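These notes are about the structure you will find just below.
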Amino acid sequence: MGRDKSTLIHLILLLLVSAVFIWSVIKPEGYLIWTMEVLPAVVFLIFVMAVYNKFRLTTLSYFIIAVLSITMFIGAHYTYSKVPLFDWLKDHYDLNRNHYDRFGHFLKGLFAIVIREILIRKTPLTKGPWLFAVTLSFALAIGALYEIIEWIGPLISKGGKASKDFLGMQGDIWDAQWDMALTLIGSILVLFTLSKLHDKLLRKVKN
C-alpha cells in the first residue's frame, strides 16, 4: 500500500472517529460521566496525532485505535450499562445485564496489536514466545490499570451517580475480574489471528 493511500485511509479513520466524538457530546446521559469515559481515548488520540510524522503506525494499528475510540465514545454517550442495542439483547435473550461493558473489554484485546508493534519497532524483542508474553503482560496491565481508575473514581467523588455509572458493576461483585479476563482472552485471540497480517504490514513499514 502506497504511503499516499495509507495517509488517505488514516485521514478517513480520523474523520470517522471525529464524527462519532461530535455525536457523542450532543446530549449525552451526563456530561461528567461522558468526560470520564472519553478522556483516556481523547488523550491517546492527541498523542498518536502528535507523533504521526515521527512514528507512523501500520494501518491495522490505526484501524484498531479508531474502533476502540468509537467504542468508548458510544459508551460515554449512553453510559456502558445503557447502550440501546445491548439493552435490546438483554431483554430479547433474558440476560442479567447490559453486556456492552463486557463487549468493550473484550474488544480492548485488539490493542495487543498496537502494543506488539511498539515492542517490535522500539525494543530488541523479536517474534517468538517472549514477544507474545510481554505483549500479553502489557495488555493485561493496561486493563488492570483501567480497573484501578474505575475503583478510585467513586472513592474520590464519594459515590455519586456519575462515578457509579463509570464503575459500571451492574450488581456484579466480580465485574473487574470479568473485565480483565475478557481483555486477556481478546488479546490472546487477536495475537493468534492477526499477527501474520501484522508482520506483513510491518515489513512494508520497514521498507
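All of these numbers come straight from a predicted model, not from anything done at the bench.
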Q. Could you go step by step and tell me if Val25 and Tyr31 meet the side chain to side chain contact (heavy atoms under 4.5 Å, CB included) rule?
A. CA-CA 8 Å; Val25 77; Tyr31 281 104; 4.1 Å; yes
Q.
What verdict does the side chain to side chain contact (heavy atoms under 4.5 Å, CB included) test give for Leu136 and Leu140, after you've listed the backbone C-alpha separation in whole Å, the side-chain angles of each residue and the deciding distance to 0.1 Å?
A. CA-CA 6 Å; Leu136 279 185; Leu140 194 55; over 6 Å; no
(Q) Go through it in stages, so that I can follow the logic: the residues are Leu201 and Thr59, the test is side chain to side chain contact (heavy atoms under 4.5 Å, CB included), and I'd like the CA-CA distance, side-chain angles, deciding distance and then a yes or no. (A) CA-CA 8 Å; Leu201 294 172; Thr59 297; 5.5 Å; no
Q: Run the numbers on Tyr100 and Leu89 for side chain to side chain contact (heavy atoms under 4.5 Å, CB included), then give the verdict.
A: CA-CA 10 Å; Tyr100 187 76; Leu89 291 171; over 6 Å; no
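Counting only residues at least two apart or on different chains, the side chain to side chain donor-acceptor pair (under 3.5 Å) pairs with a member in residues 43-52 are His10-Tyr52, Tyr52-Arg56. Every pair passing ring-ring contact (aromatic ring centres under 6.0 Å, His included) that includes a residue from residues 114-142 is listed here, sequence neighbours excluded: Phe132-Phe192.
The same ILVMFWY cluster, assembled from side-chain heavy atoms under 4.5 Å apart, contains both Ile9 and Leu60. Residues Trp23 and Leu13 share a hydrophobic cluster, clusters being chains of Ile/Leu/Val/Met/Phe/Trp/Tyr side chains in contact below 4.5 Å. Hydrophobic clustering of Ile, Leu, Val, Met, Phe, Trp and Tyr side chains at less than 4.5 Å, counting indirect connections, unites Leu16 with Val42. Using a 4.5 Å cut-off between side-chain heavy atoms of Ile, Leu, Val, Met, Phe, Trp and Tyr, with links allowed through other members, Ile22 and Leu11 fall into different hydrophobic clusters. Tracing side-chain contacts under 4.5 Å through hydrophobic residues (I, L, V, M, F, W, Y), one reaches Trp88 starting from Ile74; they form part of the same cluster.
Put simply, CD on Glu147 and OG1 on Thr183 are 7.5 Å apart, with the number rounded to the nearest 0.5 Å. Atoms CZ and CD1, on Phe21 and Ile26 in that order, are 11.0 Å from each other to the nearest 0.5 Å. To the nearest 0.5 angstrom, Ile120 atom CD1 is 5.0 Å from Leu131 atom CG. Considering CD of Glu37 and NE2 of His77, their distance stands at 13.0 Å, rounded to 0.5 Å.
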Considering only distance and modelled atom types, tabulate donor-acceptor pairs under 3.5 Å from the side chains of residues 62-72, sequence neighbours left out.
from  : atom 1 : to    : atom 2 : distance (Å)
Tyr62 : OH     : Leu57 : N      : 3.1
Ser69 : OG     : Ile65 : O      : 2.8
Thr71 : OG1    : Val67 : O      : 2.8

What pairs of donor and acceptor atoms, side-chain ones from residues 107-118 against any protein atom, are under 3.5 angstrom apart with sequence neighbours left out?
from   : atom 1 : to     : atom 2 : distance (Å)
Arg116 : NH1    : His198 : ND1    : 2.9
Arg116 : NH1    : Asp199 : OD1    : 2.9
Arg116 : NH2    : Asp199 : OD1    : 2.9
Arg116 : NH2    : Asp199 : OD2    : 3.4
Glu117 : OE1    : Thr58  : OG1    : 2.7
Glu117 : OE1    : Ser61  : OG     : 2.7
Glu117 : OE1    : His198 : NE2    : 3.0
Glu117 : OE2    : Thr58  : N      : 2.9
Glu117 : OE2    : Arg121 : NH1    : 2.8

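Side-chain atoms of Tyr80 never come within 3.5 Å of backbone atoms of Arg102 as a donor-acceptor pair (strictly under, hydrogens ignored).
In this structure Ile185 satisfies the side chain to side chain contact (heavy atoms under 4.5 Å, CB included) test together with Phe106, Leu189, sequence neighbours excluded. Ser24 is linked by a side-chain hydrogen bond (donor to acceptor under 3.5 Å, both in side chains) to Trp34, counting only residues two or more places apart in sequence or in another chain. Take Leu95 and apply the side chain to side chain contact (heavy atoms under 4.5 Å, CB included) test, not counting sequence neighbours, and it matches Lys90, Tyr93, His99. In this structure Thr126 satisfies the side chain to side chain contact (heavy atoms under 4.5 Å, CB included) test with no other residue, sequence neighbours excluded.
Residues Val17 and Phe73 meet the side-chain proximity criterion, which asks for heavy atoms closer than 4.5 Å.
Scanning both residues, Asp87 and Ser81, for their nearest heavy atoms gives OD1-O, 3.9 Å.
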